[in-house]
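Keep in mind that what you see is a predicted model, and the values were worked out from it rather than measured.
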Amino acid sequence: GDYRVIRPLSAGRMGAVYVVEQISTGRQRALQVMLGELLSNDDLRRRFAQEARIGAEIDSDYVVEVIAAGIDGASGLPWIAKELLVGEDFASYLARVGALSPGELLAVFEQVTHAIGAAHAKGIVHRDLKPENLFLARVRQREVAKVLDFGIAKLVGQQKTKATGAMGTPLWMAPEQTQSGAGVTPAADVWALGLIAFRALSGRVFWRSASDVDSSPMMVLREVVIDDIPPASERARALAAPPLPAGFDAWFSRCVARDPALRFPNATDMCAALRATL
């Protein structure tokens, strides 16, 4: 009731995002409307607004601000009103510029891991880190990285309908996230961040199946869960990617250890080691 749609912004499998005017303040916001079947479970619907605003608990300037959240009475659709960011998501940025220099990657990761590390300090795990959920926003003539969609992945992951069974992508998913009932810790976010760092420095997705036109999610999952994981530099050479910095192999191998206990325990420690490496 407090939002007037101005124009569509984006759409995907979870729903759509619109640029809206918040009538009570006159400010433009981003309004994310999720598909109703994603939260058809009554318990999840009751928890939606609380989980959607979980980012407000994280003490970091690098988390997107959530203004309000609820379930529309007329349509039954869950919605989230957020600050309207100007810029592009990290996936689009990497597709446009290719591989980053170590300094460019570190500048982004210092900000992203400030947000993720602050979340981990409060026992909050993002669960769905991927380049599309990192946003490079232009704020007062400077570029700021923002982390999107805290809390949402947990709810969607707990939905057992057929509709949500096909949600998500295995490209950034830690092995333990493929197991029903397995505990998900900050180490799951560390796994994803390691793969994102490889993507940024090499210009390529780590999993070979990702570049195979005949591939399927199950083929990627086999690489994630079963096949040997080669050193990052070896995979970069196989993908004809630029050489990786010295020392990156050791850092990366600790990010993508299949045993969560062998990974960096949280994003803060992971970034400190990356800073020393780069």
Margin query: Grouping I, L, V, M, F, W and Y whenever their side-chain heavy atoms are under 4.5 Å apart, do I58 and L85 come out in a common cluster?
Written below: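 Unlinked, I58 and L85 end up in two clusters.
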Next item on the list: State yes or no: do V5 and V33 share one hydrophobic cluster built from I, L, V, M, F, W and Y residues joined by side-chain heavy-atom distances below 4.5 Å, directly or via other members?
Entry: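 Same hydrophobic cluster.
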I'd like to check [X] versus [Y] (side-chain heavy atoms, cut-off strictly below 4.5 Å). Are they in contact?
X: V20; Y: R4; value: no
X: P131; Y: Y93; value: no
X: T268; Y: H120; value: no
X: F150; Y: N133; value: no
X: F109; Y: M270; value: yes
X: R27; Y: E83; value: no
X: L171; Y: V220; value: yes
X: L84; Y: V19; value: yes

Margin query: Using the salt bridge (Lys or Arg N to Asp or Glu O under 4.0 Å) definition, which of the options R127, R263, R258 pairs with E176?
Written below: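 Among R127, R263, R258, the one that satisfies the salt bridge (Lys or Arg N to Asp or Glu O under 4.0 Å) with E176 is R263.
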Around [X], counting heavy atoms of other residues, nucleotides and ligands shown, do more than 12 lie under 6.0 Å from its [atom1]?
X: Y18; atom1: OH; answer: no
X: D2; atom1: CG; answer: yes
X: R222; atom1: CZ; answer: no

Next item on the list: Indicate the atoms forming the closest heavy-atom contact of P231 with D249, along with that distance.
Entry: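 That would be CB-OD2, 3.6 Å.
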Notebook entry, point to check: Does any N or O in the side chain of S101 come within less than 3.5 Å of the main-chain N or O of E104, such that one atom is a donor and the other an acceptor?
Noted result: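 Side chain of S101 to backbone of E104: a pair is present.
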Note to self: Between D189 (side chain only) and H126 (backbone N and O only), is there a donor and an acceptor less than 3.5 Å apart?
What the structure shows: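 Confirmed, D189 side chain pairs with H126 backbone.
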[X] bridged to [Y] by N-O distance under 4.0 Å:
X: K82; Y: D149; answer: yes
X: K146; Y: E88; answer: no
X: R29; Y: E21; answer: no

Note to self: Counting the benzene-type ring for Trp, do F252 and F198 have ring centres under 6.0 Å apart?
What the structure shows: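 Ring-ring flag for F252/F198: true, centres closer than 6.0 Å.
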Next item on the list: Could you tell me the separation between the SG atom of C271 and the CG atom of L106, rounded to the nearest 0.5 Å?
Entry: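 Going from SG on C271 over to CG on L106, the span is 6.0 Å.
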Check: Does any donor atom in the side chain of D212 or S209 lie under 3.5 Å from an acceptor atom in the other side chain?
Finding: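 The criterion, which ignores hydrogens and geometry beyond distance, is not satisfied for S209 and D212.
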Next item on the list: Please work out whether the ring planes of Y62 and H114 are parallel, tilted or perpendicular, with thresholds of 30° and 60°.
Entry: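 Y62 and H114: perpendicular rings.
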Check: Between L31 and I80, is a side-chain contact (heavy atoms from CB on, under 4.5 Å) present by the stated rule, with each step listed?
Finding: CA-CA 6 Å; L31 186 73; I80 310 169; over 6 Å; no
